[in-house]
Amino acid sequence: MNSIIAFAIVTAIILGSMGFGVLAVRRIKMTPQELVVGYRAFATILLCVLFAGEVVTSFTFLGAAGYAYSRGAPAFYILAYFPATLIVLFLLGPTIWRRGRESNFLTNADYFASMYQSRVLGLLVAICGVFFLVLYLTVQLTGIQILLEIAGYGSVQIGSTGTIAFVLIVIFVFFSGLRGVAWVSMVKDVLVLGAILFAGIVIPVHFFGSPVNLFAKLREAHPDWLTLRSNLLPNGTVWFVSTVLVNAVGLVCWPHGVAAIYSARDEASIRRNAMLLPFYLMILVLVFLAGFSALLLMPGLKGDDVDQSFMRVVQTHYPAWVLGGVAGAGCLAALVPGSALILAAGSLIAKNIVGIFSKSFVERHQTAVTRVSVIAVALFAFVSWATARSTLVSMLLVAASGAAQFFPGMLLAFFDRRPSASSIAAGLIGSLLFLCWTTAVKLPVIAGVNVGLVAMALNFAVVGLVNLAGLTLYSRRKLTIGKTLYTDGRE
Amino acid sequence: MVGTSRLRSLLIFRSSAALTLQSNDYSHYLMSSAKRFNVVTILFTGIPLCAVSFGICFANRDEPILFGFPFLLSYLIFWAGMTPVCLWLADRSARR
């Protein structure tokens, strides 16, 4: 009975908000511009909501609490890197937006192809980008799976519910595009806010009297839980600083982050967005409180189960409708970023992978090709979710550090004298091979430093060396401005 | 009080009439003045950026306990709140 109530609420939330998203965009004609970057017309509030929707994912929702549960203070890096990533967005976002508008970019691979005048570099960036996006999407599908497992009180076939959620997300993306994602993101943000307020305030007040008492109890039970351990160990201060730095460049590196930047109406919207979002992201403190409460109320979870920490508390101590509401909000927190990820990956495939081989075909069937690519990406993610669930955390680490390797290319394109395309490609390939090696030997830190930062240093070094070794830095001619939707500025 | 049209322009993107615009419409781009980085901008973005990353080395402690929160957490909350202020100042200085 409980599982039916919880499930009904989850279903109502998902279907209702998706219906809202599709209704919001029903009169808009879908072109690739509209589908992928919302006609570059989002004003501050819609942009804020979209960024918040992309940043606060189910991994934040479950993972941050789980991290606080299993490790304590290292989880605070999530609270530290959000302001940092918004500062980077504030500094670099407007210029990226301007370049995108001048030359009609849809994807981050367009940016590379046009800035370094090389379609092959664009292809390389697109292939890597799709790979990382699929990994990230797998994480979101697993988030949905965890939430549905809990909402089902252990009585539900997870394979089938996961599949239904997956089909829903594809249908939604197919019809609504980025604008629909932004509108659903509004519903999602309200619901997630409610769920987090509940988990971070109601649970501590209910069981401990107040958050202050929660911390007092936590100090008794786990004295070392609220500070970082010593410097060079994994999860020490050095790890913390390097992880914040690597994650700070995330928004301007992830393909879906770049698509969100392109969707802005003007530069000022991006700046205002960066100024407003930190206020919203402070709710993450409450997620930590929820994780700490779970640690005291339900100790002993191990391995992947830590991600379920505070959901288990809700499941045990509260009625089914509360669980349904929280799980529904969590599912939206996976579906909204998931949709943005699928769109970004679909546009990369359509424009930078298929488009490079048959431009005329893609030009004639732009929207259709984008939509078919969307389905293809979703299928990839589904297969990877169904086959490789166990190695998920390591896959996400690879994806996040890997996406950060786009940063040198993004940054160096800001200067009039740019490195050659081949050096950027060499840096990217070199650092990704390094990351593959560290993943293969299971080495998350080197001398306490996050491997992502080491890989980025290597990336910059390779770019510099290749340029010094003959292919010198040379300045670019001025970009030509695209005339049609699928141009990358080379015509 | 905020006028309805102002509120609309904040909330709603360009609606159906504007959708006929070709993608080569640069009006927004031309209107936004090119802003340059100056010392004040770098200062006001650099301070919070360093505070939330390198500053951790100095803030990694439980005492003094503020409002029951461990110092590390209240330090990060403080900077999450200060970031918008710093960015606003940076934006203002860049526009001058």
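Throughout, a chain's letter reflects where its sequence line sits, starting with A, and its residues are numbered from 1. Just so it is clear, the structure is predicted and the values come from calculations on it, not from any experiment.
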### Query
Looking at CE of Met282(A) and CH2 of Trp79(B), how far apart are the two atoms once the value is rounded to the nearest 0.5 Å?
13.0 Å
#### Entry: Per-residue contact mode, Leu245(A) against chain B (heavy atom under 4.5 angstrom)
side chain
### Min side-chain heavy-atom separation Phe215(A)-Pro70(B) under 4.5 Å
yes
### Query
Can you say whether Ala274(A) sits under 4.5 Å from chain B via the side chain, the backbone, both, or neither, judging by heavy atoms?
both
### Query
Is it the side chain or the backbone of Phe82(A) that comes within 4.5 Å of chain B heavy atoms, both, or neither?
neither
#### Entry: Spacing of Ser210(A) atom OG and Phe67(B) atom CZ [to the nearest 0.5 Å]
13.0 Å
### Partner of Leu91(A) under side chain to side chain contact (heavy atoms under 4.5 Å, CB included), chosen from Thr45(B), Ile42(B), Leu49(B)
Thr45(B)
### Query
About how many Å separate CD1 of Ile56(B) and OG1 of Thr237(A), when rounded to the nearest 0.5 Å?
9.5 Å
### N/O donor-acceptor pair under 3.5 Å between Asn60(B) side chain and Leu228(A) backbone
yes
### Summary
For Phe288(A) and Leu73(B) the tightest heavy-atom approach is CD1-CD1, 4.1 Å
### Query
For chain B, which of Thr227(A), Val49(A), Leu277(A), Val212(A) has the most heavy-atom pairs under 4.5 Å?
Thr227(A)
### Query
What distance separates Leu87(B) CG from Arg272(A) CZ, expressed to the nearest 0.5 Å?
13.5 Å
### Task
For the pair Phe69(B) and Val285(A), evaluate side-chain contact (heavy atoms from CB on, under 4.5 Å) and give the outcome as yes or no after the intermediate values.
CA-CA 11 Å; Phe69(B) 279 58; Val285(A) 179; 4.0 Å; yes
### Query
Within a reach of under 6.0 Å around CZ of Phe78(B), are more than 12 heavy atoms found that belong to other residues, nucleotides or ligands?
yes
### Task
Measure the shortest side-chain to side-chain distance between Asp91(B) and Phe90(A) over non-hydrogen atoms and say whether it is less than 4.5 angstrom.
yes
### Message
Nearest 0.5 angstrom please: Tyr77(A) OH to Ser53(B) OG, how far?
### Response
15.0 Å
### Task
Enter the distance from Leu76(B):CG to Tyr81(A):OH here, rounded to the nearest 0.5 Å.
14.0 Å
### Query
Any side-chain heavy-atom pair from Pro84(B) and Leu276(A) closer than 4.5 angstrom?
no
### Query
Among Asn213(A), Thr243(A), Leu284(A), Leu79(A), who wins on heavy-atom pairs under 4.5 Å with chain B?
Leu79(A)
### Query
Which answer fits Phe76(A), side chain, backbone, both or neither, if we ask what part of it has an atom under 4.5 Å from a heavy atom of chain B?
both
